[in-house]
Enquirer: 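Dropping the structure in here first, questions after.
All residue numbers refer to positions in the sequence shown, counting from 1. Just so you know, these numbers come straight off a predicted model, no measurement behind them.
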Amino acid sequence: MQLSEQEIVRREKLTKLREMGIDPYPAALYPVDATSKSIKDAFSEGKQVVISGRLMSRRIQGKASFAELQDSEGRIQVYFNRDEICTGEDKTLYNDVYKKLLDIGDIIGVEGELFTTQVGEKTVMVKNFSLLSKALRPLPLPKVDAEGNTYDEFNDPEMRYRQRYVDLVVNPKVKETFIKRTKITNSIREFYNERGYLEVETPILQPIPGGAAARPFLTHHNALNIPLYLRIANELYLKRLIVGGFDGVYEFSKDFRNEGMDRTHNPEFTVMELYVAYKDYHWMMETTEQLLEKIAVDANGTSKVTVGDNEIEFKAPYARVPILEAIKAHTGHDVAGMDENELREVAKSLGIEVDETMGVGKLIDEIFGEKCEHHYIQPTFIMDYPKEMSPLTKEHRDNPALTERFELMVNGKELANCYSELNDPIDQRERFEDQLKLSEKGDDEAMFIDQDFLRALEYGMPPTSGIGIGIDRLVMLMTNNSSIQEVLFFPQMRPEKKAVELTDEAKMIWETLKKEEKILLTDLKDQSGLSNKKWDKSIKELTKNKLAEVNKTDEGLFVKLG
């Protein structure tokens, strides 16, 4: 492992601490009795406190030093005075341990007394301190110059997502997002629990990936010697519980879909699904309006939420728009009653890419998604989807070509999906068989036939309404984040490239290359000043590690960065 100069220095300090008999990673409980927030909220001059946190800044002025300690709730100023800490002749704890062997980022415990500085800053006078964890890597802390300009911010998205633990330390707003995420899920639980619905858990590993049209992840169970899928939805298991006699069940489920990744999609995501017996999709619309208004108020103190340039009002009622009317309004095409070939031609005329595997449902979905969805900024129930789009949904009571389904659109994206659930086992079997035909045509997102679920329906499921709400997208809305990666602690990332260790000669050549767009091989060799043997070894080292590439042209051999 190649260490930076600062990392080497910190390890040397670690050794010195151990030589002094100080354990840099003690095991014993540290008796914390206060936090930065509790001190500020209930400040009392002269009060004795014990706090702990990460050393984030310090200004050493000889025998005294002001520093900032950051804990889980914020920052507090602490004051180190040599004579307060070292009351005897031995000043080692201040002169050597604090001044020379501690670093920014170290976690320390402080016993002290509260006082107010001359400029009114609430501060802890340190009477004693303990090192609780030595940081061996320096924090990427931003720097602010005299004019207020900020430099060296830790804001590269890839670095932030890979090292979320650092991101949370140095970017306080990130922590606020995740605190708000917990408030949102707590708000939902409170809303459903008050109504007597039961929170449950259903299998993540499933023999059949049911409940949605999506490409699953496949794995293998060695003991049973069977293939299993990571669930794409928990719908069919929750409906089994309704068959079993529960009137209302909900689950916050981790679902997995082996599909593309972008600013609103992650292969692992969180969905809340609720199923309530003896209700329909009209009832669920009203309930969802009440829920989202409560969430907005609980998370932000108001039903109005700013998302990008838009102010979104979550107070009921929300607009209700049939999907076929939405398509007609935004494309000029009345697609009601069109067959597969007619829909394919409409899609092509609108510049939408289609293929032969797409059935009626998928074609309508593509047209709406490409041409209509982005228009719905304020919460809008898009409703009454064609039967081909909704294989688990009850037939519309007034139009057998449609289903009793809605999707809630907010800020141009789907936030929730709801059905009056199909409970006719014969109709359900026929819908599954239609999905099988799509699968045979090459649609790898078509639903599987779940024979056990059909058997459950044959025992009788009461009329039921169910909804799924994307928690990650909901948190994005409530926290004004445009990327799903910002609301996931640890979003999925490509494997991190391993650092390549180069010889000094190869490093020198690489540094030269970084200054040139491309350079003649002979000129690069001359600039390096290396012997033929060292040159050959170094250029091969760079090309082997794909840090440089050599290209032959009419003008000769050129080298450029790989």
Side-chain angles (χ1 to χ4, degrees), residues 185-213 224 228-255 270-292 294 387 390-397 403-406 408 416-433 435 447-471:
T185 54
N186 286 346
S187 180
I188 295 171
R189 284 190 168 97
E190 185 179 89
F191 184 88
Y192 289 149
N193 291 345
E194 285 177 353
R195 286 154 179 76
Y197 308 145
L198 185 70
E199 183 172 5
V200 298
E201 293 181 341
T202 61
I204 292 175
L205 289 173
Q206 301 180 352
I208 292 173
L224 295 175
L228 288 172
Y229 299 88
L230 292 179
R231 71 176 167 206
I232 56 174
N234 54 347
E235 175 171 344
L236 302 188
Y237 284 91
L238 292 175
K239 288 181 182 177
R240 286 170 169 90
L241 298 180
I242 298 295
V243 171
F246 290 101
D247 281 349
V249 292
Y250 72 95
E251 179 179 17
F252 287 88
S253 71
K254 281 287 187 183
D255 290 349
T270 304
V271 174
M272 188 293 307
E273 292 205 25
L274 166 76
Y275 293 83
V276 185
Y278 309 109
K279 308 298 184 186
D280 65 5
Y281 77 143
H282 292 294
W283 174 88
M284 191 65 83
M285 287 185 208
E286 295 172 2
T287 302
T288 303
E289 288 171 337
Q290 296 168 27
L291 171 65
L292 289 176
K294 171 181 163 52
K387 191 180 288 186
S390 313
L392 297 167
T393 313
K394 186 167 283 191
E395 185 178 282
H396 198 285
R397 66 195 77 176
T403 58
E404 297 203 344
R405 172 187 176 187
F406 72 74
L408 175 60
N417 191 11
C418 166
Y419 311 151
S420 291
E421 302 296 338
L422 180 58
N423 60 345
D424 178 340
I426 295 172
D427 188 358
Q428 182 65 84
R429 183 177 294 278
E430 290 172 355
R431 306 265 197 104
F432 275 148
E433 287 170 352
Q435 288 285 301
M447 290 189 187
F448 289 55
I449 296 180
D450 189 333
Q451 298 291 351
D452 180 67
F453 175 66
L454 291 171
R455 179 170 59 193
L457 288 186
E458 289 170 358
Y459 281 99
M461 185 176 85
T464 298
S465 183
I467 190 170
I469 298 175
I471 297 300

Enquirer: Yes or no on side-chain contact (heavy atoms from CB on, under 4.5 Å) for Glu458 and Arg429, after CA distance, side-chain angles and deciding distance?
Expert: CA-CA 11 Å; Glu458 289 170 358; Arg429 183 177 294 278; 3.8 Å; yes
Enquirer: For Thr287, which residues count as a side-chain hydrogen bond (donor to acceptor under 3.5 Å, both in side chains) partner, sequence neighbours excluded?
Expert: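 Thr287 satisfies side-chain hydrogen bond (donor to acceptor under 3.5 Å, both in side chains) with no residue once adjacent residues are dropped.
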Enquirer: Establish, for the pair Arg195 and Phe191, whether the NZ or CZ atom is under 6.0 angstrom from the six-membered ring centre and no further than 45 degrees off its axis.
Expert: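 Checked: cation-pi criterion met.
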Enquirer: How about Thr288 and Phe406: do any of their side-chain heavy atoms sit closer than 4.5 Å?
Expert: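 Yes, close enough: below the 4.5 Å cut-off.
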Enquirer: Let me see the working for Val276 and Trp283 under side-chain contact (heavy atoms from CB on, under 4.5 Å), right down to the final yes or no.
Expert: CA-CA 10 Å; Val276 185; Trp283 174 88; 3.9 Å; yes
Enquirer: Applying ring pair (Phe, Tyr, Trp, His ring centres under 6.0 Å), run through Tyr197 and Tyr250 and close with a yes or a no.
Expert: CA-CA 7 Å; Tyr197 308 145; Tyr250 72 95; 7.6 Å; no
Enquirer: Using modelled atom types and a 3.5 Å cut-off, is there a donor and acceptor pairing between side-chain atoms of Glu421 and backbone atoms of Gly466?
Expert: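 Present.
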Enquirer: Is Leu224 atom CG crowded by more than 12 heavy atoms from other residues, nucleotides or ligands, each under 6.0 Å away?
Expert: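 More than 12 within 6.0 Å, yes.
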Enquirer: Between Leu292 and Leu408, is a side-chain contact (heavy atoms from CB on, under 4.5 Å) present by the stated rule, with each step listed?
Expert: CA-CA 11 Å; Leu292 289 176; Leu408 175 60; 3.3 Å; yes
Enquirer: Using salt bridge (charged side-chain N to carboxylate O under 4.0 Å, His left out) as the criterion, list what pairs up with Glu235, not counting sequence neighbours.
Expert: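 Glu235: salt bridge (charged side-chain N to carboxylate O under 4.0 Å, His left out) contacts with Lys239.
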Enquirer: Looking at CD1 of Ile204 and CG of Leu228, how far apart are the two atoms once the value is rounded to the nearest 0.5 Å?
Expert: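 Ile204 atom CD1 to Leu228 atom CG measures 12.5 Å (nearest 0.5 Å).
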Enquirer: Do Arg231 and Glu273 meet the salt-bridge criterion of a basic N to acidic O distance under 4.0 Å?
Expert: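 No salt bridge links Glu273 with Arg231.
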Enquirer: Rounded to the nearest 0.5 Å, how far apart are CD of Gln428 and OG1 of Thr393?
Expert: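 Between Gln428 CD and Thr393 OG1, I get 8.5 Å after rounding to 0.5 Å.
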Enquirer: To the nearest 0.5 Å, what is the distance between CD (Glu404) and CG (Asp280)?
Expert: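 With rounding to 0.5 Å, CD (Glu404) is 6.0 Å from CG (Asp280).
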Enquirer: Between Tyr229 and Phe448, what is the ring plane arrangement, given parallel below 30°, perpendicular above 60°, and tilted in between?
Expert: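 Perpendicular: the ring planes of Tyr229 and Phe448 meet at over 60°.
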Enquirer: Is the shortest side-chain heavy-atom distance between Met285 and Cys418 below 4.5 Å?
Expert: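 Sidechains of Cys418 and Met285: no contact.
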Enquirer: Would you mind telling me which of Ile469, Asn234, Ile471, Val271 makes a side chain to side chain contact (heavy atoms under 4.5 Å, CB included) with Phe252?
Expert: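 Output: one option passes, namely Ile471.
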Enquirer: Going from CG on Leu291 to CE on Met284, what distance comes out if it is rounded to the nearest 0.5 angstrom?
Expert: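 It is 10.0 Å, given to the nearest 0.5 Å.
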Enquirer: In the structure I gave you, are the side-chain heavy atoms of Pro462 and Asn423 within less than 4.5 Å of one another anywhere?
Expert: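 The answer is no; the side chains never approach within 4.5 Å.
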Enquirer: Checking Glu430 now: which residues fulfil salt bridge (charged side-chain N to carboxylate O under 4.0 Å, His left out) with it, not counting sequence neighbours?
Expert: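 Once residues adjacent in sequence are excluded, Glu430 has no partner under the salt bridge (charged side-chain N to carboxylate O under 4.0 Å, His left out) criterion.
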Enquirer: For Tyr419, is there any backbone N or O sitting under 3.5 Å from a side-chain donor or acceptor partner on Ser465?
Expert: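 Yes, the answer is positive, given that a donor and an acceptor are paired below the 3.5 Å cut-off.
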Enquirer: Would you call Asp427-Lys387 a salt bridge at under 4.0 Å N-O?
Expert: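 So Asp427 does not pair with Lys387 through a salt bridge.
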Enquirer: Would you please name every residue forming a side-chain hydrogen bond (donor to acceptor under 3.5 Å, both in side chains) with Lys254, sequence neighbours left out?
Expert: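 Thr270.
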Enquirer: On a heavy-atom basis, which atom in Ile232 and which in Asp255 lie closest, and how many Å separate them?
Expert: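 In this case the closest contact between Ile232 and Asp255 is O-OD2, 3.4 Å.
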Enquirer: Are any side-chain N or O atoms of Glu251 and backbone N or O atoms of Leu238, one a donor and one an acceptor, separated by less than 3.5 Å?
Expert: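 Side chain of Glu251 to backbone of Leu238, a donor-acceptor pair under 3.5 Å: no, none is there.
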Enquirer: How far does CG of Asp450 sit from CZ of Arg455, to the nearest 0.5 angstrom?
Expert: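 These two atoms lie 9.5 Å from each other.
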Enquirer: Taking side chain as C-beta onward, heavy atoms only, is Ile449 less than 4.5 Å from Glu433?
Expert: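 With C-beta onward as the side chain, the pair touches.
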Enquirer: Is a donor from one side chain sitting under 3.5 angstrom from an acceptor on the other, for Ser390 and Arg405?
Expert: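 Short answer, yes.
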Enquirer: Can you sort out the partners of Tyr237 under ring-ring contact (aromatic ring centres under 6.0 Å, His included), two or more places apart, ordered by chain and number?
Expert: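 Scan of Tyr237 (ring-ring contact (aromatic ring centres under 6.0 Å, His included), adjacent residues dropped) gives none.
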Enquirer: Is Glu201 atom CD crowded by more than 12 heavy atoms from other residues, nucleotides or ligands, each under 6.0 Å away?
Expert: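 No, because the 6.0 Å sphere around CD of Glu201 holds 12 heavy atoms or fewer from other groups.
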Enquirer: Salt-bridged, Arg240 to Asp452, with N to O below 4.0 Å?
Expert: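 Yes, this pair counts.
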Enquirer: Sequence neighbours excluded, which residues qualify as ring-ring contact (aromatic ring centres under 6.0 Å, His included) partners of Phe432?
Expert: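 For Phe432, no residue satisfies ring-ring contact (aromatic ring centres under 6.0 Å, His included) once neighbours in sequence are set aside.
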Enquirer: Distance check, rounded to the nearest 0.5 Å: Leu392 atom CG versus Leu422 atom CG?
Expert: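 Answer for the CG-CG pair, Leu392 versus Leu422, is 7.5 Å.
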Enquirer: Please check if any side-chain donor atom of Ser420 sits under 3.5 Å from a side-chain acceptor atom of Arg397, or the reverse.
Expert: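 The criterion, which ignores hydrogens and geometry beyond distance, is not satisfied for Arg397 and Ser420.
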